[in-house]
Amino acid sequence: MENREKIIETAKEQFMRFGVRSVTMDDIARMAGMSKKTIYQEFSDKNQLVFESFSSALNEDIHCLENLPKINDGIIEHLVGLTAHIRRRFADMNPMVLNEIQRYFPQCWQLFEEFKKEHVLKEITDLLEKGKEEGFFRPEINTEVMALLRMEQMMLIFDPIKFPMSKFNPVELQLEIFEHFLYGIFTEKGREAYLNQKKQYNENHN
DNA sequence: TACCGC
DNA sequence: AGCGGT
């Protein structure tokens, strides 16, 4: 693996698990098994390393989402795939990271805002429209409002004042909120299909 | 690895 | 004090 690649992989993992501020450049050099000099040959400063690592993580997310069951192959299969993705994605993630980035790494935060707007919001909107067409979601819901609501819900759990990690498991919290959202927009048909699919998924993954 | 300066 | 940067 190239130095640059190794640095990014190490930084990504450490930043995500322990937070951007508590992981130092010395830590990353040590974990990557190289000197700080090598790191500073590839990255001009910590800000750039955080940016590149975060950018790489977002691209990984995009890739993962593309590998889920497609919306067109079945809304409900896609939903259950999404919950599995949430479990994986949030399992090793420190919720502090996003707050640190918002406060101390503005370019990085801007990238995240673009990601939300260009990917997350579009994904949710497609899902809602398709689900309405197929009779899984109530036709009277306002797609735009519900898509924005859903995105803000996802961001809520990263507020350590509202949802302290000591009290709530981030994965379970995210799934709790996700299911509550779904039950708010399901038709009877959608609710039953979801419960069946979940049951089937659990039988196959035990 | 030692060191500086914030 | 401890971390980014040399």
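Heavy-atom basis, side chains included; hydrogens, waters and symmetry copies ignored. Lettering follows sequence order; numbering is per chain, from 1. Because the structure is predicted, anything quoted here is derived from the model rather than measured.
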Item to check | Sequence neighbours excluded - ring pair (Phe, Tyr, Trp, His ring centres under 6.0 Å) pairs with any residue from residues 36-71 of chain A | outcome: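 Listed by first then second residue: F54(A)-F112(A).
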
Checklist entry - Do other residues, nucleotides or ligands put more than 12 heavy atoms under 6.0 Å from E140(A) CD? => result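 Buried by this count: over 12 neighbours within 6.0 Å.
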
Next on the checklist: Are there over 12 heavy-atom neighbours, none belonging to K199(A), within less than 6.0 Å of that residue's NZ?
Outcome noted: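 Result for NZ/K199(A): open.
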
Checklist entry - For P164(A), which residues count as a side chain to side chain contact (heavy atoms under 4.5 Å, CB included) partner, sequence neighbours excluded? => result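 Side chain to side chain contact (heavy atoms under 4.5 Å, CB included) check on P164(A) returns S166(A), K167(A), F168(A).
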
Kindly give the atom pairs (protein nitrogen or oxygen, nucleotide nitrogen or oxygen) under 3.5 Å for nucleotides 1-6 of chain C.
unit_1: dG4(C); atom_1: OP1; unit_2: K46(A); atom_2: NZ; d: 2.6
unit_1: dG4(C); atom_1: OP2; unit_2: M25(A); atom_2: N; d: 3.0
unit_1: dG5(C); atom_1: OP2; unit_2: Y40(A); atom_2: OH; d: 3.1
unit_1: dG5(C); atom_1: OP2; unit_2: K46(A); atom_2: N; d: 2.7
unit_1: dG5(C); atom_1: N7; unit_2: K36(A); atom_2: NZ; d: 2.7
unit_1: dG5(C); atom_1: O6; unit_2: K36(A); atom_2: NZ; d: 2.8

Checklist entry - Can you list the residues that meet the ring pair (Phe, Tyr, Trp, His ring centres under 6.0 Å) rule with F178(A), with sequence neighbours excluded? => result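 F178(A) satisfies ring pair (Phe, Tyr, Trp, His ring centres under 6.0 Å) with no residue once adjacent residues are dropped.
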
Item to check | H205(A): ring pair (Phe, Tyr, Trp, His ring centres under 6.0 Å) partners, not counting sequence neighbours | outcome: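 Counting only residues at least two positions away or on another chain, H205(A) forms a ring pair (Phe, Tyr, Trp, His ring centres under 6.0 Å) with Y201(A).
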
Enumerate the protein-to-nucleotides 4-6 of chain B contacts in which both atoms are nitrogen or oxygen and the separation is below 3.5 Å.
none

Checklist entry - Roughly how far apart are H119(A) NE2 and L65(A) CG, rounded to 0.5 Å? => result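 So the NE2 of H119(A) and the CG of L65(A) are separated by 9.0 Å.
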
